[in-house]
Amino acid sequence: MPAIVLVGAQWGDEGKGKATDLLGGRVDYVVRYQGGNNAGHTVVIGDRKFALHLLPSGILTPSVVPVIGNGVVVDPAVLLEEMRGLNEQGIDTSNLVISADAHLITPYHVTLDKVGERFLGKSKIGTTGRGIGPTYSDKIARLGIRVQDLFDPSILRQKVEGALDQKNQILVKVYNRRALDVDAIADQLLEYADVLRPYVADTALLLNNALDDDKVVLLEGGQGTLLDVDHGTYPFVTSSNPTSGGACTGSGIGPTRISSVVGILKAYTTRVGAGPFPTELFDEDGEALRRIGGEMGVTTGRARRCGWFDAPIARYASRINGLTDIFLTKLDVLTGWEQIPVCVAYDVDGTRVDEIPMTQTDFHHAKPIYELLPGWSEDISGAKELSDLPANARAYVDFLQDVSGARISAIGVGQDRDATIAIHDLIH
């Protein structure tokens, strides 16, 4: 059975958790393949709202095996706290599986993230301060510590010592901070060994065997396409690859086993953190989108920047990810506008540009070129079929499909788990 990849097609926070949870009853494994607790999913089930940061969204579906893949960076304290929180709400987390090859976020990664961002001042990236970037930096520099290292105290201490030989120089001489103690850090990490051991496995083998046994595997990324370290608005990006290509490296599943790639797009656009955002609104419309859409970061609590739908970004995401389907979320938030602008191209220093500019400089200078579509005032939160939508809402969906580069296969019309219009099957 082929695998399905679910990706954010903007700057993240598009509603991937809702899409994952919607499919949860039909899939056997849900795999988080990159990122860490810098991402967040909100899933609403009835009158209960769950905020997930590190755990795969499939954790809320009892029949699903939730997997943290090798491409994820794991803060063990955060992970265990999140599991405890769900347990207290009656959610069983005992079937969680964690890759032995996933890298650990250590206390010194968090420290370096926070002091480094402060050191940048006005040039700061806008990180969450949770140690994600420094952990990925160590992974690439081959100074990282993996989950499996918790089970060999000697190796763990050697790796912590090797990392702190460098980190302490930076902390003391660059940031004027106190040096960290090797034994204290190693002992702190070793406390998690026995607790995590039952959850740790060779997840690449597990997932490939599952596909051989005709199981359905859903791969979900955190963040979104425009935050990809290679394909996003660099340097205002995350430190990993949330695009569909990252699903293979972050899970150990080969590309030939992936049958569909579902991109999640909001009916408007948001982002958190610094960086270019051509359709960003600084007026009453922007504030209304933020208020009606509940646009506060799940992980950071920061107010999200809000703007109109950006078609060049949607087309870019379709190309980069090879989207087969689009799940359009939060269409209901746009109810009440007399006219709804859609960015169809940019004006870059007097020249019309139909796609995302090649250079960061041009993207920073890009001004949106809008087409105005008629709005609607009818409540659409109870819509179950396309025919239930008012004519103008249907026309808006059709327009977005025409300019986005892939078919729209599902539409979110409210927060609830079942507030979705299914048009085409996402599992194919």
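The figures here come from the full heavy-atom set of this structure, side chains too, leaving out hydrogens, waters and symmetry mates. All values reported here derive from a predicted model rather than from experimental measurement.
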*Could you tell me whether the side chain of L334 reaches within less than 4.5 Å of the side chain of W308, counting heavy atoms only?*
yes

*Of the non-hydrogen atoms in V237 and D228, which two are nearest, and what is the gap between them?*
CG1-O, 3.4 Å

*Flag side-chain contact, heavy atom, 4.5 Å: F327 against T420*: yes

*Going through the checks in order, is the side chain to side chain contact (heavy atoms under 4.5 Å, CB included) test met by L196 and L80?*
CA-CA 9 Å; L196 293 179; L80 293 173; 3.9 Å; yes

*Using 4.0 Å as the upper bound for N to carboxylate O, is an ion pair formed by E355 and R319?*
yes

*Measuring from I421:CD1 to E385:CD, what's the distance to the nearest 0.5 Å?*
7.5 Å

_CD on E280 to SG on C306, rounded to 0.5 Å_ = 8.5 Å

*side chain to side chain contact (heavy atoms under 4.5 Å, CB included) between Q10 and T270, worked out*: CA-CA 8 Å; Q10 293 159 322; T270 64; 6.0 Å; no

_D152 vs S154, side-chain hydrogen bond (donor to acceptor under 3.5 Å, both in side chains): CA-CA, chis, key distance, verdict_ = CA-CA 6 Å; D152 189 327; S154 176; 4.7 Å; no

*Compute whether any side-chain donor of one residue and acceptor of the other, for D101 and S99, lie under 3.5 angstrom apart.*
no

*Do V413 and S381 have side chains that get closer than 4.5 Å, going by heavy atoms?*
no

_Using the rule given for side-chain hydrogen bond (donor to acceptor under 3.5 Å, both in side chains), can you reason through T361 versus H364, listing the C-alpha separation, both sets of side-chain angles and the distance that settles it, and then say yes or no?_
CA-CA 5 Å; T361 298; H364 272 284; over 6 Å; no

_Is any side-chain heavy atom of I98 closer than 4.5 Å to one of L79?_
yes

*Rounded to the nearest 0.5 Å, how far does CD1 of I340 lie from CZ of F399?*
11.5 Å

*Check the surroundings of atom CD in Q89: do more than 12 heavy atoms from other residues, nucleotides or ligands lie under 6.0 Å from it?*
yes

_Which atom of A247 lies closest to which atom of L219, heavy atoms considered_ = CB-CD1, 4.1 Å

_For E295, the option from R305, R290, R304 that meets side-chain hydrogen bond (donor to acceptor under 3.5 Å, both in side chains)_ = R304

*Go through V182 and D165 one step at a time and tell me if the side chain to side chain contact (heavy atoms under 4.5 Å, CB included) criterion holds.*
CA-CA 9 Å; V182 172; D165 278 346; over 6 Å; no

_Between N87 and T93, is the side-chain hydrogen bond (donor to acceptor under 3.5 Å, both in side chains) condition met? List the steps._
CA-CA 7 Å; N87 292 338; T93 60; 3.1 Å; yes

*Contacts of F277 that satisfy ring-ring contact (aromatic ring centres under 6.0 Å, His included) - sequence neighbours left out*: W11

*Which heavy atom in F309 sits nearest to a heavy atom in A267, and how many Å separate them?*
CB-O, 3.6 Å

*Does a side chain donor of either D138 or H103 reach within less than 3.5 Å of an acceptor in the other side chain?*
no

*Please step through side chain to side chain contact (heavy atoms under 4.5 Å, CB included) for the pair V261 and V7, ending with a clear verdict.*
CA-CA 7 Å; V261 181; V7 298; 4.3 Å; yes

*Which atom names give the shortest non-hydrogen contact between V72 and Q34, and what distance separates them?*
CG2-N, 3.6 Å

*Could you tell me whether the side chains of T225 and N321 share a donor-acceptor contact shorter than 3.5 Å?*
yes

*Candidates D325, D402, D425, D398 - the one meeting salt bridge (charged side-chain N to carboxylate O under 4.0 Å, His left out) with R407*: D325

*What distance separates Y175 OH from K167 NZ, expressed to the nearest 0.5 Å?*
10.5 Å

*Given side chains that start at C-beta, do those of L265 and T329 come closer than 4.5 Å, heavy atoms only?*
no

*Would you call L281 and L289 a side-chain contact if the rule is heavy atoms closer than 4.5 Å?*
yes

_Test salt bridge (charged side-chain N to carboxylate O under 4.0 Å, His left out) applied to R157 and D183, step by step_ = CA-CA 7 Å; R157 288 180 188 276; D183 289 335; 3.2 Å; yes

*Pairwise side-chain contact, V217 with V67, heavy-atom cut-off 4.5 Å (strictly under)*: no

*Between D13 and K266, is there a salt bridge with N-O shorter than 4.0 Å?*
no

*Determine, for E161 against K159, whether the closest basic-nitrogen to carboxylate-oxygen distance falls under 4.0 angstrom.*
no

*asked:* Can you tell me how far apart CZ (R26) and CG (L218) are? Round to the nearest 0.5 Å.
replied: 11.0 Å

*Do other residues, nucleotides or ligands put more than 12 heavy atoms under 6.0 Å from K139 NZ?*
yes

*Check whether any side-chain heavy atom of N241 sits under 4.5 Å from a side-chain heavy atom of V229, and report yes or no.*
yes

_Checking side-chain polar atoms at under 3.5 Å, does D310 have a donor or acceptor matched by the opposite partner on Y346?_
yes

